[in-house]
Amino acid sequence: MSDPLVRARLEKIDALRAEGVDPFPARVPASERIDEVLRRHGNLAAEEHSGARAAVAGRLMARRQMGKASFLDLRDGSGKIQIHAAADRLGDAAYGRICDVDVGDFLHVVGEVFRTKRGELTVAAESFTFLAKAIRPLPEKWHGLKDVELRHRHRSLDLISNDESRATFVRRARMLSIVRRVLDERGFMEVETPILQPIPGGASARPFVTHHNVLDADLYLRIALELYLKRVLIGGIDRVYEISKCFRNEGISTEHNPEFTMLELYQAYADYGDMMSLVEDLVGTLFREIVGSTVVDYQGKQLDFTPPWRRVSMLGAIAEASGIDLSDRDVAAIRRRAKAKGVDLPEGPFPKLVDELFDRFVEPGLVQPTFITDYPVEISPLAKSKAGEEGLTERFELFVVGMEIANAFSELNDPVDQRKRFEDQERLRAGGDDEAQRIDEDFLFAMEHGMPPTGGMGVGLDRLTMLLSNSASIRDVILFPALRRKDEA
RNA sequence: GGGUCGUUAGCUCAGCCGGUUAGAGCACCUGACUUUUAAUCAGGGGGUCGCUGGUUCGAGUCCAGCACGACCCA
């Protein structure tokens with residue numbers, strides 16, 4: 001490496017070894033978490049000495065040096081504490097060695113805890129041990145790492161230097177923990193189902209393909225959890241969920257990452273109305289416990305997650321937003337009505353028109369949490385038909401700030417109808433729609449043995465994290481988002 | 001896929017209408033300093049101006065293409 005900063009530090013490593021100091025020792029003396037030390041001595045008065053020693057270990061984050069004495073900031077995963085190093089306490093030789101430690105290096109320090117006259121809890125170092133050497137400088141101490149590209153490509157540095165980034169991933173972890181707690185309390189059981197699938201089902205999306213050499217068979221990375229979780233439910237685990245990655249071979253944007261984290265849950269003897277209550281409870285709990293309120297700021301907009309949320313049927317929402325009535329499902333008539341409003345609709349069957357009008361007129365206006373209900377059957381091949389409403393299903397999607405957050409149905413449990421729906425999808429596929437779903441005979445075989453009436457739901461946890469952490473991009477809530485390859489020197 | 005903007009030291013950023021040897025702060029090195037909080041003071045080193053090509057007497061600066069990223073649109 002020709003970087004002079006790196007070269008200087010590599011020379012320091014040689015110098016340490018020459019003095020008999022291991023720059024990367026295998027064993028670490030016992031230490032306490034920094035937040036524990038701070039908590040224990042929290043009530044020390046300014047300039048008061050505790051008379052008690054503490055041992056801490058962490059990364060050197062800053063140094064303020066004044067000749068024969070220095071203040072050092074040491075940080076571990078729990079917090080930050082100040083170290084006071086003085087030549088008269090450590091001895092000249094040890095003080096010289098601690099002055100050679102670079103910001104970014106790891107240290108173990110033992111000493112008495114006291115509070116400075118400026119009021120900061122501090123360890124008066126009596127001895128220290130070198131724990132690990134850094135050979136590159138950390139990002140700027142005040143501005144941190146701002147460049148968005150560098151923050152995503154070098155997440156370690158982002159986490160070291162940007163507290164907000166760290167806080168976002170702490171929130172994400174709390175969200176996962178609370179989701180599991182709430183579902184476990186309600187009698188749901190967490191399971192794991194295959195990521196590698198012979199038939200990618202449960203959603204309309206393009207899959208990633210891979211190959212199993214020994215089986216000599218193509219396998220797909222799952223696009224949804226649905227069909228395997230339903231097999232488990234049919235098997236009698238009748239409240240079941242999974243939290244895991246799904247994969248869709250599609251575009252990348254501020255709302256889309258090719259691999260993303262889904263929660264899917266299935267509850268027997270329930271329907272989509274129960275799923276609405278469940279997601280209201282779950283999301284309400286998340287905002288209360290993580291943010292402290294169900295009314296939050298998101299990118300300058302005030303969002304109110306206090307249940308109940310607005311419910312509006314899909315065709316009703318389109319009629320309301322565009323003034324175009326779709327209830328007769330007459331494609332030619334709908335296209336004429338749209339034309340009269342100055343809207344040119346593409347050729348295609350009824351669901352395509354619905355999709356187009358929804359994306360154009362409704363979705364961007366769905367800022368507050370809103371349930372869009374009663375989707376056309378053609379685009380809902382796994383949802384139960386709505387009684388008395390020809391062509392519609394018991395389905396909803398939850399939208400917030402124009403993003404789809406959740407998708408739920410009263411699950412189709414009639415195996416004869418399910419087979420017919422798959423066959424309809426197969427015809428679309430034959431007609432060139434490569435997102436259409438495929439017949440899964442093994443899934444049908446399971447359903448033919450009897451499936452209870454069931455409510456099911458999928459929730460996009462990355463997008464939910466965006467809302468919980470006020471993040472503008474999905475890349476801010478995924479530790480290592482998909483990026484184009486860039487060769488670096 | 002289209003449009004707009006961006007890419008200068010390890011990091012954060014200036015750099016005017018094309019003109020001398022490309023600047024600052026942090027970080028780093030040297031010196032001073034035993035209660036600092038972005039410590040302070042004095043001095044010093046560090047650059048493939050994203051890449052490739054073009055225009056020009058002369059390009060960080062203008063033009064074209066490419067790469068990566070951000071935002072908007074489809």
Side-chain angles (χ1 to χ4, degrees), chain A residues 1-12 15 44-49 59-75 80-92 94-96 98-105 111-125 133-154 156-163 250-256 299-300 343-346 355-356 359-360 363-364 402 471-476 481-489:
Chain A
M1 275 180 270
S2 60
D3 185 326
L5 298 171
V6 172
R7 223 171 23 229
R9 292 204 180 188
L10 289 172
E11 283 164 13
K12 280 191 176 182
L44 272 185
E47 296 193 82
E48 186 182 352
H49 286 246
R59 188 195 288 271
L60 180 62
M61 295 303 293
R63 180 211 314 282
R64 294 173 292 282
Q65 190 162 349
M66 295 138 297
K68 295 287 187 184
S70 302
F71 289 96
L72 313 175
D73 290 340
L74 203 66
R75 188 166 89 188
K80 189 181 86 175
I81 196 165
Q82 181 169 260
I83 307 295
H84 183 241
D88 54 8
R89 198 178 321 106
L90 282 163
D92 286 338
Y95 182 72
I98 210 168
C99 288
D100 279 336
V101 175
D102 288 307
V103 169
D105 294 353
E112 188 192 7
V113 180
F114 73 107
R115 195 181 287 282
T116 65
K117 65 183 178 195
R118 297 294 190 88
E120 179 142 356
L121 267 185
T122 301
V123 176
K133 186 80 193 155
I135 62 169
R136 289 184 189 273
L138 295 180
E140 218 250 9
K141 64 181 174 186
W142 189 243
H143 299 95
L145 192 66
K146 282 197 160 175
D147 185 296
V148 178
E149 184 174 356
L150 291 180
R151 291 178 59 180
H152 293 150
R153 286 189 194 280
H154 305 296
S156 305
L157 302 182
D158 178 41
L159 290 169
I160 290 170
S161 49
N162 295 315
D163 288 344
E250 293 166 359
I252 297 176
S253 76
T254 51
E255 294 169 24
H256 298 85
Q299 302 294 306
V343 178
D344 276 317
L345 285 174
D355 203 42
E356 174 76 15
D359 286 353
R360 212 143 119 192
E363 202 178 84
S471 299
S473 168
I474 201 167
R475 293 181 182 192
D476 295 331
L483 297 170
R484 282 178 202 277
R485 177 154 181 257
K486 189 175 188 181
D487 295 320
E488 296 189 57

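Predicted model, so just to flag it, every value in this text is computed and none were measured.
With a 4.5 Å cut-off on side-chain heavy atoms, A:N162 and A:K146 do not count as touching. Contact of the A:I252 side chain with the A:R475 side chain is registered, since non-hydrogen atoms from C-beta on lie closer than 4.5 Å. Contact annotation: the side chain of A:I474 never approaches that of A:T254 to less than 4.5 Å [non-hydrogen atoms, C-beta and beyond].
No N or O donor and acceptor, one from the side chain of A:E140 and one from the base of B:G10, sit under 3.5 Å apart. Checked by distance alone, A:Q65 brings no side-chain donor or acceptor within 3.5 Å of a matching partner on the base of B:U36. Contact annotation: side chain of A:T122 to base of B:U35, donor-acceptor pair absent below 3.5 Å.
Nucleotide B:U34 is matched to nothing when pairs are restricted to Watson-Crick or G-U wobble geometry with both distances under 3.5 angstrom. With both pairing distances under 3.5 Å, B:C17 is matched to nothing as a Watson-Crick or G-U wobble pair. Nucleotide B:U4: paired with B:A70 (Watson-Crick or G-U wobble, both distances less than 3.5 Å). Base pairing annotation: B:C11 forms a Watson-Crick or G-U wobble pair with B:G25, both donor-acceptor distances under 3.5 Å. Checking B:A64 for Watson-Crick or G-U wobble geometry (two distances, each under 3.5 Å) identifies B:U52 as its partner.
Comparing B:A27 with B:C11, their P atoms sit 16 Å apart, to the nearest whole Å. Taking the P atoms as reference points, B:C26 lies 36 Å from B:C68, given to the whole Å. Nucleotides B:C17 and B:G53 place their P atoms 28 Å apart, quoted to the nearest Å. Separating the C1' atom of B:G54 from that of B:A59 is a span of 11 Å, rounded to the nearest Å. Here the separation of B:U55 from B:G46, taken at their P atoms, is 34 Å to the nearest Å. B:G10 and B:C49 have their P atoms separated by 12 Å, with the value rounded to a whole Å. Nucleotides B:C16 and B:A64 have their C1' atoms positioned 25 Å apart, rounded to a whole Å. When the P atom is compared between B:U30 and B:G23, the two are found 25 Å apart, to the nearest whole Å.
A:R484 comes within 4.0 angstrom of sugar-phosphate atoms only, judged by non-hydrogen atoms across all strands, and of no base. The residue A:T254 sits close only to the backbone: its heavy atoms come under 4.0 Å of sugar-phosphate atoms, none of a base. Among the atoms of the strands shown, none is found under 4.0 Å from any heavy atom of A:E47. Residue contacts for A:D88: at a heavy-atom cut-off of 4.0 Å it reaches a base atom on one of the strands shown. A:K12 comes within 4.0 angstrom of the backbone, heavy atoms only, and of no base.
For A:K146, counting side-chain heavy atoms from C-beta on, the closest listed nucleotide (B:C13, B:U37, B:U35) is B:C13. Side-chain proximity of A:P139 to B:A39, B:C11, B:G69: nearest is B:C11. Of all nucleotides listed (B:U12, B:G10, B:U35), B:G10 comes nearest to the side chain of A:L5. Nearest to the side chain of A:E120, among B:U12, B:U37, B:U35, sits B:U37. With B:A70, B:U34, B:U36 as the choices, the nucleotide that has an atom nearest any side-chain atom of A:V148 turns out to be B:A70. For A:R153, the side-chain atoms get nearest to B:C68 when compared with the rest of B:U36, B:C68, B:C29.
Judged by distance alone, with hydrogens and angles left aside, the side-chain atoms of A:Y95 form a donor-acceptor pair with the main-chain N or O of A:A69 at under 3.5 Å. At distances below 3.5 Å, not a single donor-acceptor pair connects side-chain atoms of A:R75 with backbone N or O atoms of A:I81.
When rounded to the nearest whole Å, the span between CZ of A:R9 and P of B:G46 equals 19 Å. When rounded to the nearest whole Å, the span between CG of A:D105 and P of B:A27 equals 15 Å. Spacing between atom CD of A:Q299 and atom P of B:C72 amounts to 10 Å, rounded to whole angstrom units. For the pair A:L157 CG and B:A27 P, the computed distance is 17 Å after rounding to whole Å. B:U36 atom P lies 10 Å from atom NE2 of A:H84, rounded to whole Å. Atoms CG (A:L150) and P (B:C11) sit 6 Å apart, rounded to a whole Å. Separating the CG atom of A:L145 from the P atom of B:C13 is a distance of 10 Å, rounded to the nearest angstrom. As rounded to whole Å, 18 Å separates atom P of B:C51 from atom CZ of A:R485.
Checking the phosphate oxygens (OP1, OP2) of B:A39, a side-chain nitrogen or oxygen of A:K141 falls inside 4.0 Å. For the OP1/OP2 pair of B:A70 and a distance below 4.0 Å, the side-chain nitrogens and oxygens of A:R475 include at least one atom meeting the criterion. Close to B:U37, at under 4.0 Å from its OP1 or OP2, lies a side-chain N or O of A:R118. Within the structure, every side-chain polar atom (N or O) of A:R64 is placed at least 4.0 Å from both OP1 and OP2 of B:U36.
Residue A:V103 is the one, among A:A62 and A:V103, whose nearest nucleotide of RNA chain B lies closer to the 5' end (criterion: closest heavy atom). Each of A:A86 and A:W142 lies near RNA chain B, and the nucleotide nearest A:A86 is the one positioned closer to the 5' end.
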Practice item. Using the side chain to side chain donor-acceptor pair (under 3.5 Å) rule, take A:H152 and A:D158 through it: C-alpha gap first, then chi angles, then the decisive distance, then the call. Key: CA-CA 8 Å; A:H152 293 150; A:D158 178 41; over 6 Å; no
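Of all non-hydrogen atoms in A:D92 and A:A87, the two that sit nearest each other are OD1-CB, 3.6 Å.
Taking NE2 of A:H256 as the reference point, atom CD of A:E250 lies at 7.5 Å (rounded to 0.5 Å).
Shown here is A:K12, whose NZ atom has more than 12 heavy atoms of other residues, nucleotides or ligands within 6.0 Å.
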